[in-house]
Visitor: 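Sharing a structure, written as structure tokens. Questions coming.
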Amino acid sequence: MGSSSTVDLSDIPSVDLMTELLRRIKCADKPDKRLILVGPPGSGKGTQSPIIKDEYCLCHLATGDMLRAAVAAKTPLGVKAKEAMDKGELVSDDLVVGIIDEAIKKPSCKKGFILDGFPRTVVQAEKLDEMLEKQGTKIDKVLDFAIDDAILEERITGRWIHSSSGRTYHTKFAPPKVPGVDDVTGEPLIQRKDDTAAVLKSRLEAFHRQTEPVIDYYAKKGVVAHLHAEKPPKEVTTEVQKVLSS
Ligand code: AP5
């Protein structure tokens, strides 16, 4: 029996091979980038990440998505994380640092990465910087999705998600073509368990108390760019592109 990592390329449709080949050619010229997206729940991190990921050929590591996948699969890590997540509290630093340490070594992160939802505490930021220092790299830019709390409730309670792809919709701001159904696959959309007004209050509280200091931590290193995250998605994308091309 061959190794489980051996792939028979003749089984892969030509169009997929060509698409991947063209992507690799386009990516070869892109500069490496190591980015952090920081902002409160609903500030648009998950909306902008896929756009940045495609533009710069980076991997997108969203600790919230990784933890939700672990909860759904009922892994030992997921069982530990579930209680804190349901209440809108943060899970332990050691748990998420371990997840990221492993993930950034993957080949898809070769050109760099977008960290979405990590680091969320100063301890996590310090551990991340230690990890990167060992690899001889560092964070290039921290995008601060600055926005007033008052705007977030409407964004969060109207959000619908296609769970397997991570595509997000909004009943008012980004509605799917058919209500409740993913535009690409036709599969049903779901709402996150913590996307209620009540749990949002705890999530915002955790953000202001534990995550805002992370912005100050990186501001001292001179790598923070502040965005106007209350603007419409396309305008936020334009701001991001300006910051990343400078
Ligand atoms: P996580 O999944 O990271 O959630 P979050 O930070 O609360 O962020 P969200 O995904 O809710 O917001 P977003 O900014 O991505 O918003 P989106 O773009 O979808 O974390 C969940 C939980 O996991 C945590 O509470 C914690 O328990 C745990 N956890 C995760 N990481 C951890 C860590 N490092 N340490 C410890 N615990 C951790 O936008 C929202 C909606 O608004 C969408 O519907 C979208 O269509 C719409 N929208 C987006 N942009 C705009 C715009 N510009 N104008 C109008 N509408 C917009």
Side-chain angles (χ1 to χ4, degrees), residues 36-52 60-72 77-78 80-101 103 114-125 127-128 143-149 151-163 165-176 183 189-197 199-212 214 227-240:
I36 292 174
L37 272 45
V38 61
S43 56
K45 307 179 296 288
T47 301
Q48 300 298 328
S49 291
I51 303 170
I52 308 171
H60 174 211
L61 304 176
T63 38
D65 292 346
M66 292 162 152
L67 290 168
R68 276 186 290 281
V71 170
L77 187 149
K80 274 192 207 152
K82 185 176 187 312
E83 201 185 325
M85 292 179 75
D86 284 350
K87 286 194 280 188
E89 293 168 4
L90 298 188
V91 307
S92 79
D93 288 335
D94 286 345
L95 220 143
V96 277
V97 168
I99 296 182
I100 290 293
D101 193 13
I114 304 165
L115 298 178
D116 167 359
F118 179 92
R120 250 194 174 75
T121 64
V122 172
V123 172
Q124 290 179 16
K127 294 202 170 171
L128 170 67
L143 302 179
D144 167 23
F145 283 66
I147 188 165
D148 202 280
D149 283 3
I151 303 173
L152 300 173
E153 185 176 324
E154 188 182 25
R155 284 201 192 172
I156 285 290
T157 54
R159 171 166 63 182
W160 286 80
I161 294 168
H162 177 241
S163 49
S165 70
R167 271 185 289 281
T168 57
Y169 298 87
H170 192 282
T171 44
K172 184 168 159 190
F173 304 121
D183 287 354
L189 302 176
I190 55 141
Q191 275 200 299
R192 262 167 59 174
K193 226 177 154 186
D194 59 350
D195 274 355
T196 62
V199 180
L200 176 64
K201 264 184 89 175
S202 326
R203 290 161 68 195
L204 281 174
E205 206 265 330
F207 174 77
H208 292 302
R209 194 165 48 86
Q210 292 167 280
T211 309
E212 259 172 4
V214 173
L227 306 172
H228 297 89
E230 77 289 350
K231 287 187 181 171
K234 283 204 172 112
E235 291 182 33
V236 178
T237 305
T238 307
E239 280 195 14
V240 169

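Numbering of ligands and ligand atoms starts at 1, following listing order.
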Visitor: Does F145 come within less than 4.0 angstrom of ligand 1, counting non-hydrogen atoms of the residue?
Guide: no
Visitor: Check for a donor-acceptor pair, side chain of Q124 on one end and backbone N or O of F118 on the other, with a separation under 3.5 Å.
Guide: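 No, because the side chain of Q124 does not come within donor-acceptor range (under 3.5 Å) of the backbone of F118.
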Visitor: Starting from atom 27 (O) of ligand 1, locate the nearest protein heavy atom and write down its residue, its atom name and how far away it is, to 0.1 Å.
Guide: E89 O, 2.5 Å
Visitor: Considering both backbone and side-chain atoms of W160, is one of its nitrogen or oxygen atoms within less than 3.5 Å of a nitrogen or oxygen in ligand 1?
Guide: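 No, since none of the N or O atoms of W160 sits under 3.5 Å from an N or O of ligand 1.
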Visitor: Quick one: does Q191's side chain have a donor or acceptor within less than 3.5 Å of a partner on T157's backbone?
Guide: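 Checked: pair present.
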Visitor: For G117 and ligand 1, does the shortest N/O to N/O distance drop below 3.5 Å?
Guide: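 Min N/O separation from ligand 1 is below 3.5 Å for G117.
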Visitor: Nearest protein heavy-atom contact for atom 15 (O) of ligand 1: which residue, which atom, what distance?
Guide: G46 N, 2.8 Å
Visitor: Would you give the length of the straight line joining atom CG of L189 to atom CZ of R159, rounded to the nearest 0.5 angstrom?
Guide: 12.5 Å
Visitor: Could you point out which residue of I100, D101, D94 forms a side chain to side chain contact (heavy atoms under 4.5 Å, CB included) with K127?
Guide: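 When I100, D101, D94 are each tested with K127, the side chain to side chain contact (heavy atoms under 4.5 Å, CB included) holds only for D94.
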Visitor: Return yes or no for this condition: an N or O of G39 is under 3.5 Å from an N or O of ligand 1.
Guide: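 Not met; the criterion fails.
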Visitor: Of the backbone atoms (N, CA, C, O) and the side-chain heavy atoms from C-beta on, which set of A206 has a member under 4.0 Å from an atom of ligand 1: side chain, backbone, both, or neither?
Guide: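 Looking at A206 and ligand 1, no heavy atom falls under 4.0 Å.
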Visitor: Are V240 and I51 close enough, and set up right, to give a side chain to side chain contact (heavy atoms under 4.5 Å, CB included), and what steps lead you there?
Guide: CA-CA 10 Å; V240 169; I51 303 170; over 6 Å; no
Visitor: List the closest protein heavy-atom neighbour of atom 23 (O) of ligand 1: residue, atom name, distance to the nearest 0.1 Å.
Guide: M85 CE, 3.4 Å
Visitor: Looking at residues at least two apart in the chain, or sitting in another chain, which of them share a ring pair (Phe, Tyr, Trp, His ring centres under 6.0 Å) with H170?
Guide: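 For H170, the residues satisfying ring pair (Phe, Tyr, Trp, His ring centres under 6.0 Å) (neighbours in sequence not counted) are F173.
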Visitor: Quick check on contacts: which atoms of ligand 1 are under 4.0 angstrom from a heavy atom of T47?
Guide: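 Those of ligand 1 that fall under 4.0 Å from T47 are 17 (P), 18 (O), 39 (O), 45 (C), 49 (C), 50 (N).
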Visitor: Can you pull out the closest protein heavy atom to atom 43 (C) of ligand 1? Residue, atom name and distance to 0.1 Å, please.
Guide: R159 CD, 3.9 Å
Visitor: Between L67 and ligand 1, which residue portion shows a heavy-atom distance shorter than 4.0 Å: side chain, backbone, both, or neither?
Guide: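 It is the side chain that gets close, since no backbone atom is under 4.0 Å.
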Visitor: Could you list the atoms of ligand 1 found under 4.0 angstrom from a heavy atom of Q124?
Guide: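 Those qualifying, in numeric order: 33 (C), 34 (N), 35 (N), 36 (C).
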Visitor: Show me which atoms of ligand 1 lie under 4.0 Å from any heavy atom of K231.
Guide: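 Taking each heavy atom of K231 in turn, ligand 1 has 52 (C), 53 (N), 54 (N) under 4.0 Å.
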Visitor: Can you figure out which of E83, M66, R192 has its heavy atom closest to atom 4 (O) of ligand 1?
Guide: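 Residue with the shortest heavy-atom distance to the ligand atom: R192.
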Visitor: Show the atoms of ligand 1 that are less than 4.0 angstrom away from any heavy atom in R68.
Guide: 2 (O), 21 (C)
Visitor: Can you tell me which residue among I99, L77, T63, V96 is in a side chain to side chain contact (heavy atoms under 4.5 Å, CB included) with V91?
Guide: V96
Visitor: Specify the protein heavy atom at minimum distance from atom 7 (O) of ligand 1: its residue, its atom name, and the distance to 0.1 Å.
Guide: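 Protein heavy atom at minimum distance: R203 NH2, 2.8 Å.
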Visitor: Run the numbers on L115 and R120 for side chain to side chain contact (heavy atoms under 4.5 Å, CB included), then give the verdict.
Guide: CA-CA 10 Å; L115 298 178; R120 250 194 174 75; over 6 Å; no
Visitor: Could you tell me whether R192 and D65 have a side-chain N and a carboxylate O separated by less than 4.0 Å?
Guide: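 Answer for the salt bridge query: no.
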Visitor: May I ask you to identify the nearest protein heavy atom to atom 41 (C) of ligand 1, giving residue, atom name and distance to one decimal place in Å?
Guide: R155 O, 3.5 Å
Visitor: Are any of the N or O atoms of V91 closer than 3.5 Å to those of ligand 1?
Guide: yes
Visitor: Set out, in order, the CA-CA distance, both residues' side-chain angles and the distance that settles side chain to side chain contact (heavy atoms under 4.5 Å, CB included) for K193 and D86, then state yes or no.
Guide: CA-CA 7 Å; K193 226 177 154 186; D86 284 350; 3.7 Å; yes
Visitor: Determine the sole option in I114, T168, L143 for which the side chain to side chain contact (heavy atoms under 4.5 Å, CB included) test with S49 is passed.
Guide: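 Testing S49 for a side chain to side chain contact (heavy atoms under 4.5 Å, CB included) against I114, T168, L143 leaves exactly one candidate, I114.
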Visitor: Within a distance under 4.0 Å of any heavy atom of F173, pick out the atoms of ligand 1 and give their elements.
Guide: 55 (C), 56 (N)
Visitor: Number the atoms of ligand 1 from 1 as they appear, then name those within less than 4.0 Å of a heavy atom of I156, with their elements.
Guide: 11 (O)
Visitor: Please determine if S43 has a nitrogen or oxygen closer than 3.5 Å to a nitrogen or oxygen of ligand 1.
Guide: yes
Visitor: Using a 4.0 Å cutoff against the non-hydrogen atoms of P233, which atoms of ligand 1 qualify?
Guide: 51 (C), 52 (C), 53 (N), 54 (N)
Visitor: Considering only heavy atoms of T63, which atoms of ligand 1 have at least one such atom less than 4.0 Å away?
Guide: 30 (C), 31 (N), 32 (C), 34 (N)
Visitor: Between Q48 (side chain) and P233 (backbone), is there a donor-acceptor pair under 3.5 Å?
Guide: yes
Visitor: Which is it for E235 and H228 under the side chain to side chain contact (heavy atoms under 4.5 Å, CB included) test, yes or no, and what are the steps along the way?
Guide: CA-CA 9 Å; E235 291 182 33; H228 297 89; over 6 Å; no
Visitor: Could you check K201 against D149 for salt bridge (Lys or Arg N to Asp or Glu O under 4.0 Å), going step by step and ending with a plain yes or no?
Guide: CA-CA 10 Å; K201 264 184 89 175; D149 283 3; over 6 Å; no
Visitor: Could you tell me whether the side chain of R203 and the main chain of D194 form a donor-acceptor pair under 3.5 Å?
Guide: yes
Visitor: Going by distance only, is there an N or O of G42 that falls short of 3.5 Å from an N or O of ligand 1?
Guide: yes
Visitor: To which protein heavy atom is atom 8 (O) of ligand 1 closest, and what is the distance rounded to 0.1 Å?
Guide: K45 NZ, 3.3 Å
Visitor: Among all protein heavy atoms in this structure, tell me which lies nearest to atom 24 (C) of ligand 1, with the distance rounded to 0.1 Å.
Guide: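 For this ligand atom, the closest protein heavy atom is R120 NH2, 3.8 Å.
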Visitor: Does an N or O from Y169, backbone or side chain, lie closer than 3.5 Å to an N or O of ligand 1?
Guide: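 Between Y169 and ligand 1 (N or O atoms, distance only) the closest approach is under 3.5 Å.
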Visitor: Run the contact test for E235 against ligand 1 with a 4.0 Å cut-off on heavy atoms, strictly below, and give the result.
Guide: no
Visitor: Are the side chain of K45 and the backbone N or O of P40 linked by a donor-acceptor pair below 3.5 Å?
Guide: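 Flag set: sc K45 to bb P40 pair under 3.5 Å.
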